[in-house]
Amino acid sequence: MDVMYAANTSNMTTEPGNNLSDLHSNLDTLFLLVCGMIVYFMQCGFAFLEAGAVRSKNTTNILIKNVMDLFISGVSYWLFGFAFAFGDGGEADKFIGLKYFASHSLPHRQYAMFFFQFTFAATASTIVSGAVAERCEFVAYFVYSVFITGFIYPVVTHWAWSSGGWLTVGDSYAALNNEVVAYQDFAGSGVVHVLGGIAALIGAIMLGPRLGRFHRSSNTVATIRGHSVPIAALGGFILFFGFLAFNGGSQLTISNSGDGEALARAVVNTVISGSFAAFMSLILNRLRVFGNTWSLLVTINGALTGMVAICAGCNVYEPYAACVVGLIAAIVFRTYSLLMIKLGIDDPLDAVAVHFGGGSWGLIAVAFFDSKEGILYAGNLKSGYKLGWQCIGLAAIVAWTASLSCLVFGLLRCFKILRVPREEEEKGLDIPKHNEPAYPVEAYGHGHIERLIQILENNPTVVTQGFENMAFEREITDKGPYENPESRHVVVNGSSEKAKPIDKPGISHNGITITVNNTKL
């Protein structure tokens, strides 16, 4: 990505008399800023999508994490990230950049480039928050976000998008008359989405599933539904809009011959791939093996998977190829989503299926559908080498991200600051962590105030809450798949058996006064 930008701006001067060159430079700067602002707004889409997909008791927690994604990325990417990604690394340039820390000596004409790339870094970090939702400690979230945006993501960016990165440089082959073949990833199917998806996978595995998601004794999987489909749908619409700038803006310039056509091609292919992926996901979910329903949320995630998959080659595909990429992306998405459940890995937002599944398929698809050098077009030895380089890039990104993510999440778990205490998870994170419930307290029917109306009719007592960090205890009493103790049923040997009431410590059914947020109810 940066290679193209550097080449297109290398001949521009800043002399006051060179009006045409000034105009070109200003147009390119404006183009990057506008596209970056739209990608920046995608954080709002992620926030709404995730907030709608979690339970009401965790809404504030997921929202503040999405808000802070922008600001944590702003700090870490400015201090370290951009330097590692696009700075001159000297002898280490094939692996990492080492210039422009905290914007030191960064030319002013590159500020727009910094802003645009910063929004991509924030996107990579946000992907993880969906997979670890409803159970991740706030401190742990800060730590992994800093590492992803400040080091893990920038290094991969340098490999693939900096002029000196080893994936960008590629290699020459005698069998091709010393012609160079390199990795291709126009808008980040691998650099952003595979990276974010792998980090999300490691985080979800290290954290373990949400309480009640997988019921061991009855071998059932509970559907823990989000609290607001409309909010999630609004987030989906914002992300659809943002992807047009995410993919189109990766052209990086608009003033050169052919830029407009390339931009239009990227946007049209994004729409086509997303549309066919959404439609195929809807149809697949109607099949009994996937769900047997017409699901709105599955359709949204399917469309996002199609837009993720098209990122790598949206500037080189013919529209019919975008259709094929989208259709296969939907199949990949539903397959990965089902596989995650079969493996007992809890991903509330299907972030791994959408981003890792869609991104990995997108990288492979480029080798086949590139309208100039793809296997289905050229069918020569070079196109075979191209497939090899796409696989090498995919494997390198997965290995790098997985190893460092295991280190980060593993250390957080060792220090017991990765997962919230079990009782906090049951009661929700909004009140104990933030003291800012997203909704009126009587809406919290997930353990904070059980049977609130009935309790208030009795005589006063005091309820206190005490939490012990037992997030990773080896054996806990399995309370079944449902979050509401008063309404849950456990499937036992194929029959439904009503669960016995669970007595909470400190709660007397002979009369209770409840104090919430220091206010007596």
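All values below come from the heavy atoms of this structure, side chains included, with hydrogens, waters and symmetry mates left out.
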Output the distance between atom [atom1] ([X]) and atom [atom2] ([Y]), rounded to the nearest 0.5 Å.
| X | Y | atom1 | atom2 | result |
| --- | --- | --- | --- | --- |
| D370 | E318 | CG | CD | 10.0 Å |
| Y317 | S273 | OH | OG | 8.5 Å |
| F116 | S250 | CZ | OG | 4.5 Å |
| F84 | F101 | CZ | CZ | 4.5 Å |
| K65 | T60 | NZ | OG1 | 12.0 Å |
| L239 | N301 | CG | CG | 9.5 Å |

Any donor and acceptor pair, going by atom type alone, linking the side chain of [X] with main-chain N or O of [Y] inside 3.5 Å?
| X | Y | result |
| --- | --- | --- |
| N66 | C44 | no |
| S360 | G357 | yes |
| N315 | A262 | no |
| D185 | G190 | yes |
| N58 | L429 | yes |
| E425 | L211 | yes |
| R413 | M206 | yes |

### Task
Using distance alone, with no hydrogens and no angle criterion, decide if S129 and E50 have a side-chain donor and acceptor under 3.5 Å apart.
yes
Mind checking whether [X] and [Y] have side chains closer than 4.5 Å, heavy atoms only?
| X | Y | value |
| --- | --- | --- |
| E373 | V181 | no |
| N269 | N247 | no |
| I345 | L201 | yes |
| L304 | F240 | yes |
| T157 | S162 | no |
| I64 | F138 | yes |
| Q184 | V316 | yes |

### Task
Applying ring pair (Phe, Tyr, Trp, His ring centres under 6.0 Å) between F114 and each of F82, F86, F120, Y100, report the one that passes.
F82
### Task
Going by the ring pair (Phe, Tyr, Trp, His ring centres under 6.0 Å) test, name the single residue among W361, F246, F356 that passes it with H193.
F246
Do other residues, nucleotides or ligands put more than 12 heavy atoms under 6.0 Å from [X] [atom1]?
| X | atom1 | answer |
| --- | --- | --- |
| F95 | CZ | yes |
| F241 | CZ | no |
| Y111 | OH | yes |
| F147 | CZ | no |
| F46 | CZ | yes |
| Y377 | OH | yes |
| F276 | CZ | no |
| K94 | NZ | no |

### Query
Would K57 and E134 pass as an ion pair if we require N to O under 4.0 Å?
no
Identify the two heavy atoms, one from [X] and one from [Y], that lie closest to each other, and give their separation to 0.1 Å.
| X | Y | result |
| --- | --- | --- |
| R210 | R419 | CA-NH2, 3.8 Å |
| S189 | V308 | OG-O, 2.7 Å |
| A182 | T168 | CB-O, 3.4 Å |
| V325 | A365 | CG2-CB, 4.0 Å |
| F409 | A199 | CE1-O, 3.7 Å |
| L297 | A232 | CD2-CB, 3.7 Å |

### Name of the residue among F118, Y153, W78 meeting side-chain contact (heavy atoms from CB on, under 4.5 Å) with S73
F118
### Message
Show, in sequence, the C-alpha distance, side-chain angles and deciding distance for M42 and T119, and conclude whether the side chain to side chain contact (heavy atoms under 4.5 Å, CB included) test is met.
### Response
CA-CA 9 Å; M42 287 180 74; T119 62; over 6 Å; no
### Message
Is there a side chain to side chain contact (heavy atoms under 4.5 Å, CB included) between S145 and M68? Walk through the geometry before answering.
### Response
CA-CA 9 Å; S145 293; M68 290 306 300; over 6 Å; no
### Task
Take D346 and R135 through the side chain to side chain contact (heavy atoms under 4.5 Å, CB included) test and state the conclusion after the steps.
CA-CA 11 Å; D346 186 17; R135 61 209 192 274; 4.2 Å; yes
### Task
Show the numbers, then the answer: is there a ring-ring contact (aromatic ring centres under 6.0 Å, His included) between Y144 and Y141?
CA-CA 5 Å; Y144 80 67; Y141 152 77; 5.7 Å; yes
### Task
Would you sort out whether W389 and L167 count as a side chain to side chain contact (heavy atoms under 4.5 Å, CB included), showing the intermediate values?
CA-CA 8 Å; W389 269 96; L167 287 176; 3.9 Å; yes
